[in-house]
Structures are given as structure tokens and as C-alpha cells.
K.L.:
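Right, I'll just put the structure down here and ask away after.
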Amino acid sequence: MVLVESKTISFDDFISWLPARSEYRYELRDGEILEMPKPRGKHSEIAGEISGKLYLEVTRLGLSYLIPRESIVKSIDGKSGYEPDVIVLDREMLAQEQRWETESIITQGSSVKLAIEVVSTNWQDDYAIKQIAYQALGIQEYWVVDYLGLGGRNFIGYPKQPTISVYYLVDGEYDLHQFRSNELIVSPTFPDLELSIDRMG
């Protein structure tokens with residue numbers, strides 16, 4: 001991750017600044033633009049596989065959800081903007097998102113059925129910063145897919161091992177359940193989904 005600009009900017013200025021095409025991804029953190037490499041290799045493969053399995057489940061159940069290629073989630077304080085690796089949106093709730101059609105921006109947690117981050121070197125962001133931001137926004141379910149077991153011991157235990165952390169909103173706070181090896185995850189949003197960390201890639 002590279003800090004692009006040392007001065008702080010607003011969310012709207014960040015959206016205006018975003019390049020239409022780039023070999024990097026950009027996120028806004030507390031008013032600062034951060035540059036990250038786009039997902040490649042295994043990271044990209046796992047995000048794509050999860051998207052595909054979720055799409056099949058959405059289709060099988062006839063749910064009014066969509067899985068966009070890109071979107072930016074605006075934090076509740078308006079100082080940050082995140083681009084999840086995978087996001088599942090509620091089509092009906094998108095009618096209330098004024099910036100969705102023109103800018104692919106999500107401002108309300110109720111529009112998001114599930115947000116997923118696939119861990120890379122910046123694991124602290126996924127386990128701490130984004131988890132706090134998504135909880136504050138009211139996103140009902142959030143996964144951290146740590147396929148290499150990179151997270152700190154206080155997040156995934158010791159010995160460290162590949163882990164999927166599933167956070168689900170209960171009374172305004174995330175309840176956490178973790179799944180390792182061949183354990184099938186339990187997703188409140190997709191209860192019949194058959195997915196484990198060992199079956200990825």
C-alpha cells in the first residue's frame with residue numbers, strides 16, 4: 001500500500017480524482033488516498049471463485065441480489081471509501097442509493113447483503129479497519145478470507161492457519177465465527193452454501 005497524497009481530501013474529491021483506468025486500486029482512508037496493486041494470481045482466483053459460487057446460489061434461490069464487478073462503499077463518517085473484493089447487493093435497496101447508477105457508490109449498509117475481503121499483505125485493514133467501518137455502516141454480513149493465514153494471532157489464533165472469519169450483525173455489533181481446514185462455513189445470508197477454505201483454488 002502506498003500513500004498517494006499527504007493532504008487530506010473529501011470523499012467527493014476522491015471520486016472525482018479516481019482514474020478511469022489504472023493498474024492499481026485506490027481507497028480513501030480517513031481522507032488520504034492509498035494505492036494498492038490490483039488482485040492477481042491466487043487472490044484474484046479466490047475472489048472470482050467465491051463470486052461464482054455466490055452467483056449460482058443467488059440464481060438457484062431466485063434472490064433479488066446482484067454481484068457487481070466494482071463498487072465503492074462510503075464510510076458512515078464520509079472520510080473513507082472501500083472497494084471490497086466481493087460484494088453482494090440487494091437490488092430493491094439500490095433504488096435508495098442516489099449515487100449507484102452513475103458512480104457505483106454505496107452509502108447505506110442496508111444495500112449490502114454481504115461484503116468480502118480476501119486477505120493479502122495488508123491484513124490489518126481487513127481485520128480491523130474495514131471490520132469496524134462495515135459494522136458502523138450496518139452491513140449485515142462480512143467475511144475475511146485469509147487463505148494464507150497471514151492475520152495476527154489475536155485475529156486467527158495460534159498456530160496461525162488459513163481461516164475464513166464470518167462476521168454477522170447482531171444488535172448492532174458483529175458476532176464472529178471462524179472456519180478452518182475443510183469446515184463448511186455457516187453464512188446466515190446463504191445458509192446452504194457449501195464452501196470451505198480447503199476447497200478454494
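Heavy-atom basis, side chains included; hydrogens, waters and symmetry copies ignored.
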K.L.:
So does Gln124 have more than 12 non-hydrogen atoms from other groups sitting under 6.0 Å from CD?
P.N.:
yes
K.L.:
State plainly whether the residues Asp12 and Lys74 are in salt-bridge range, i.e. N to O under 4.0 Å.
P.N.:
no
K.L.:
Does Tyr65 have any ring-ring contact (aromatic ring centres under 6.0 Å, His included) partners at least two apart in sequence or in another chain, and if so, which?
P.N.:
none
K.L.:
Can you name the closest pair of heavy atoms from Ala47 and Val86 and give their distance?
P.N.:
O-CG2, 3.5 Å
K.L.:
Does the side chain of Asp13 pick up a donor-acceptor pair with the side chain of Ser16 at under 3.5 Å?
P.N.:
no
K.L.:
Does this structure show an ion pair linking Glu49 with Lys53, if we count only N-O contacts that are shorter than 4.0 Å?
P.N.:
yes
K.L.:
Would you say the side-chain atoms of Ser196 and Glu183 include a donor-acceptor pair closer than 3.5 Å?
P.N.:
no
K.L.:
Could you list the donor-acceptor pairs under 3.5 angstrom formed between side-chain atoms of residues 76-84 and any protein atom two or more places apart in sequence or on another chain?
P.N.:
| from | atom 1 | to | atom 2 | distance (Å) |
| --- | --- | --- | --- | --- |
| Asp77 | OD1 | Ser75 | OG | 2.6 |
| Asp77 | OD1 | Lys79 | N | 2.9 |
| Ser80 | OG | Asp30 | N | 2.9 |

K.L.:
With heavy-atom distances below 4.5 Å as the criterion, would you say the side chains of Gln135 and Leu169 are in contact?
P.N.:
yes
K.L.:
Let me see the working for Trp143 and Glu141 under side-chain hydrogen bond (donor to acceptor under 3.5 Å, both in side chains), right down to the final yes or no.
P.N.:
CA-CA 7 Å; Trp143 299 357; Glu141 187 170 350; 2.7 Å; yes
K.L.:
Please test Ile50 against Tyr55 for side-chain contact (heavy atoms from CB on, under 4.5 Å), starting from the C-alpha separation and ending with a verdict.
P.N.:
CA-CA 8 Å; Ile50 292 170; Tyr55 176 79; over 6 Å; no
K.L.:
Has Glu97 got a side-chain atom pairing as donor or acceptor with Thr107's backbone, closer than 3.5 angstrom?
P.N.:
yes
K.L.:
If hydrophobic clusters are built from ILVMFWY residues whose side chains come within less than 4.5 Å, do Phe179 and Leu114 share one?
P.N.:
yes
K.L.:
So, does Gln108 use its side chain to make a donor-acceptor pair with the main chain of Gln96 at under 3.5 Å?
P.N.:
yes
K.L.:
Tell me if a side-chain donor or acceptor on Asp90 pairs with a main-chain N or O of Ser111 at a distance below 3.5 Å.
P.N.:
no
K.L.:
Residues two or more places apart in sequence or in another chain: which of them pass ring-ring contact (aromatic ring centres under 6.0 Å, His included) with Tyr167?
P.N.:
Tyr142, Tyr174
K.L.:
Using a 4.5 Å cut-off on heavy atoms from C-beta on, say whether the side chain of Leu176 contacts that of Val166.
P.N.:
no
K.L.:
For Ala95, does its backbone N or O pair with a side-chain atom of Glu101 as donor and acceptor, under 3.5 Å?
P.N.:
no
K.L.:
Of all the heavy-atom pairs spanning Val186 and Pro188, show the shortest one and how long it is.
P.N.:
O-CD, 3.7 Å
K.L.:
Give, for atom CG of Leu148 and atom OG of Ser120, the distance between the pair rounded to the nearest 0.5 Å.
P.N.:
9.5 Å
K.L.:
Of all heavy-atom pairs between Pro39 and Arg25, which one has the smallest distance, and what is that distance?
P.N.:
CG-NH1, 3.3 Å
K.L.:
Take Ile164 and Asp146 through the side-chain contact (heavy atoms from CB on, under 4.5 Å) test and state the conclusion after the steps.
P.N.:
CA-CA 6 Å; Ile164 301 177; Asp146 192 346; over 6 Å; no
K.L.:
Nearest 0.5 Å please: distance from the CG atom of Leu61 over to the CG atom of Asp192.
P.N.:
6.5 Å
K.L.:
How many angstroms lie between OH in Tyr127 and CG in Asp125, if you round to the nearest 0.5 Å?
P.N.:
12.5 Å
K.L.:
Linking I/L/V/M/F/W/Y whenever any side-chain heavy atoms sit under 4.5 Å apart, do Ile72 and Ile132 land together?
P.N.:
no
K.L.:
Hey, could you give me each pair passing salt bridge (charged side-chain N to carboxylate O under 4.0 Å, His left out) that has a residue in residues 102-116? Not counting sequence neighbours.
P.N.:
Arg99-Glu103
K.L.:
Are the side chains of Arg199 and Glu194 in contact, using a 4.5 Å heavy-atom criterion?
P.N.:
yes
K.L.:
Give the intermediate values and the outcome of side-chain hydrogen bond (donor to acceptor under 3.5 Å, both in side chains) for residues Glu70 and Ser104.
P.N.:
CA-CA 7 Å; Glu70 295 175 346; Ser104 297; over 6 Å; no
K.L.:
Could you work out, with side chain to side chain contact (heavy atoms under 4.5 Å, CB included) as the rule, every residue matching Pro19, not counting sequence neighbours?
P.N.:
Trp17, Ser22, Tyr26
K.L.:
With rounding to the nearest 0.5 Å, note down the distance linking CG in Asp85 to CD in Glu117.
P.N.:
5.0 Å
K.L.:
Between Ile67 and Leu56, is there a shared hydrophobic cluster once you connect ILVMFWY residues whose side-chain heavy atoms come closer than 4.5 Å?
P.N.:
no
K.L.:
Side-chain contact test, heavy atoms from C-beta onward, threshold under 4.5 Å: evaluate it for Glu35 versus Glu23 and give yes or no.
P.N.:
no
K.L.:
Can you get from Ile185 to Val58 by hopping between Ile, Leu, Val, Met, Phe, Trp and Tyr side chains that sit under 4.5 Å apart?
P.N.:
yes
K.L.:
Pick from Thr189, Leu193, Leu195: which one makes a side-chain contact (heavy atoms from CB on, under 4.5 Å) with Leu54?
P.N.:
Leu193
K.L.:
Can you check whether Val73 reaches Ile87 side chain to side chain, under 4.5 Å on heavy atoms?
P.N.:
yes
K.L.:
Got a second to check how far Ser64's OG is from Glu92's CD, nearest 0.5 Å?
P.N.:
4.5 Å
K.L.:
Please determine whether side-chain contact (heavy atoms from CB on, under 4.5 Å) holds for the pair Ile105 and Phe11, giving the CA-CA distance in whole Å, both sets of side-chain angles, and the decisive distance to 0.1 Å.
P.N.:
CA-CA 11 Å; Ile105 294 172; Phe11 180 83; 3.8 Å; yes
K.L.:
If Ile, Leu, Val, Met, Phe, Trp and Tyr residues are connected whenever their side-chain heavy atoms lie under 4.5 Å apart, and connections chain through other members, are Ile139 and Met93 in the same group?
P.N.:
no
K.L.:
Could you give the distance from CD1 (Ile197) to OH (Tyr147), rounded to the nearest 0.5 Å?
P.N.:
9.5 Å
K.L.:
If you define the side chain from C-beta out and look only at heavy atoms, does anything of Ile116 sit under 4.5 Å from Val88?
P.N.:
no
K.L.:
With side chains defined as the heavy atoms from C-beta onward, is the minimum distance between Leu94 and Leu89 less than 4.5 Å?
P.N.:
yes
K.L.:
For residues 156-163, which side-chain N or O atoms pair as donor and acceptor with protein atoms under 3.5 Å away, sequence neighbours left out?
P.N.:
| from | atom 1 | to | atom 2 | distance (Å) |
| --- | --- | --- | --- | --- |
| Lys160 | NZ | Leu150 | O | 3.4 |
| Lys160 | NZ | Gly151 | O | 3.3 |
| Thr163 | OG1 | Gln161 | O | 2.8 |
| Thr163 | OG1 | Arg180 | NE | 3.3 |

